[in-house]
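One structure is given here, and the rest of the page talks about it.
Note that ligands are numbered from 1 as they come in the structure, with each ligand's atoms numbered from 1 the same way.
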Amino acid sequence: MKIGILTSGGDCPGLNAVIRGAVLKGVAVHGQQFVGYRDGWRGVVEGDVIELTRGMVQGIAKSGGTILGTSRTNPFENGGGADVVGARMADLGVDAMIAIGGEGTLAAAKRLSDAGIKIVGVPKTIDNDLDATDYTFGFDTAIEIATEAMDRLRTTGESHQRCMIAEVMGRHVGWIALHSGMAVGAHVILIPEQPVSMDQIAGWVKLADDRGRAPLVVVAEGFRTDDMQQAHSEHGLDAFGRPRLGGIANQLAPELEARTGIETRATTLGHIQRGGTPTAFDRVLATRLGMAAIDSVVNGQWGTMVSLRGTEIDHVDFEDALGRLKDVPQHRYDEARILFG
Ligand code: F6P
């Protein structure tokens, strides 16, 4: 059997560990062959592949990024579609595909699966926003990076007695902000699920300042104050029609400074959160998911993705994973909020 693997959407630490886990198990246990599609769905639609041998995946679990390249190409646009994908698979002798990606990628994989393409999924995203899996690999690495960066912001903030605002990623959910904010001991954590007023934010900042602390505010890129209609976006839409977020920290900083009289600086961590070496947790999770995806293929569980349930790997329908975003529940925010100010 020949299996095609693709990584699509934003890159994420751990992608290479998935590829390695899948190829090693497929070759060693089932004698399968592998090709890797270059640059996500673009490689699928254009039939652009490289052979993935056991030798090619040696030692790659610790590398960030993806050896296959990725893109935000939509397989149903630019000359794509299920017929084209099926024809390219037949040309290359590919029997089945493993798509490693986030919400956009898995939604496209579901459409292909509904059209009869033999495809299984592996969820990836630093945002941790996919339902039907407890954690996605990449998230743990992102919060480590964000926490380390904010530990640094704290020492410079304390030296100057400034308010520091750190903007983290996460798209429409606040998991990265919540976890890194708790880890670093932030005085305010602002997440998309919980719009709050500028007065409230300024109140928390003043409380921290009054206690002689240099206030640290963590804001998720998708956060909006209670009088904003939608999250701040100044970079247009991505290939799947979703707004590209980022820039809210710079919007908040002057407003906060005006209200509190405390000198305020904003830092946007951006793609640093997605780069570099995955944590040990992410390497292990990604490797296990890659190996489990081979089980999905061998068992013909088309239209499913592998997922983490507690400490065990499960197989769930794309539909269950894509039904809704996994956002931060109220009780997790309430718990963190006790520490604000
Ligand atoms: O989904 C992962 C993510 O990093 C989001 O947190 C962020 O909003 C988005 O991707 C950024 O996308 P891009 O790399 O296309 O700018």
Side-chain angles (χ1 to χ4, degrees), residues 6-15 18 39-42 64-66 68-75 77 99-109 121-133 135-147 149-150 166-181 189-193 218-224 228 230-251 267-276 278-279 282 285-286 305 321-322 324-328:
L6 69 129
T7 52
S8 170
D11 74 333
C12 180
L15 287 170
V18 177
D39 304 336
W41 295 115
R42 184 197 66 73
T66 161
L68 298 177
T70 186
S71 67
R72 292 209 187 270
T73 304
N74 185 333
E77 286 172 7
I100 314 169
E103 181 207 347
T105 304
L106 296 173
V122 179
K124 82 67 249 204
T125 166
I126 63 165
D127 303 336
N128 200 37
D129 61 353
L130 277 172
D131 209 17
T133 186
Y135 284 102
T136 41
F137 64 85
F139 174 62
D140 187 64
T141 305
I143 57 178
E144 276 299 323
I145 295 168
T147 302
M150 288 189 288
E167 178 180 313
V168 297
M169 282 185 164
R171 212 185 283 279
H172 302 301
V173 301
W175 288 110
I176 298 176
L178 186 83
H179 279 231
S180 61
I189 301 173
L190 302 171
I191 61 174
E193 295 87 339
V218 182
V219 60
E221 60 182 358
F223 169 76
R224 59 188 172 87
M228 287 167 70
Q230 53 201 19
H232 181 78
S233 168
E234 55 192 35
H235 307 293
L237 304 178
D238 70 14
F240 291 89
R242 299 171 302 189
R244 293 175 59 205
L245 303 176
I248 182 68
N250 281 319
Q251 301 292 311
T267 302
T268 300
L269 299 185
H271 290 82
I272 286 173
Q273 294 159 95
R274 285 211 326 237
T279 59
D282 279 339
L285 176 58
M305 69 164 210
L322 295 166
R324 59 176 290 277
L325 273 188
K326 182 177 67 193
D327 45 21
V328 173

Next item on the list: Could you please provide the protein residues found below 4.0 Å of ligand 1 on a heavy-atom basis, arranged by chain and number?
Entry: Arg72, Ile126, Asp127, Met169, Gly170, Arg171, Glu221, His271, Arg274
Note to self: Any heavy-atom pair between the side chains of Ile176 and Phe139 that's under 4.5 Å?
What the structure shows: yes
Margin query: Quick one, Leu15 and Pro278 - any side-chain contact, counting heavy atoms below 4.5 Å?
Written below: no
Checklist line | Parallel, tilted or perpendicular, as decided by the 30° and 60° cut-offs, for the rings of Trp175 and His179 | finding: perpendicular
Next item on the list: Output yes when a side-chain donor or acceptor of Lys124 lies under 3.5 Å from a complementary backbone atom of Ala286, and no otherwise.
Entry: no
Item checked: Main-chain N/O of Asp238 paired to Arg244 side chain as donor or acceptor, under 3.5 Å -> no
Checklist line | Qualifying residues under side-chain hydrogen bond (donor to acceptor under 3.5 Å, both in side chains), relative to Thr70, sequence neighbours excluded | finding: none
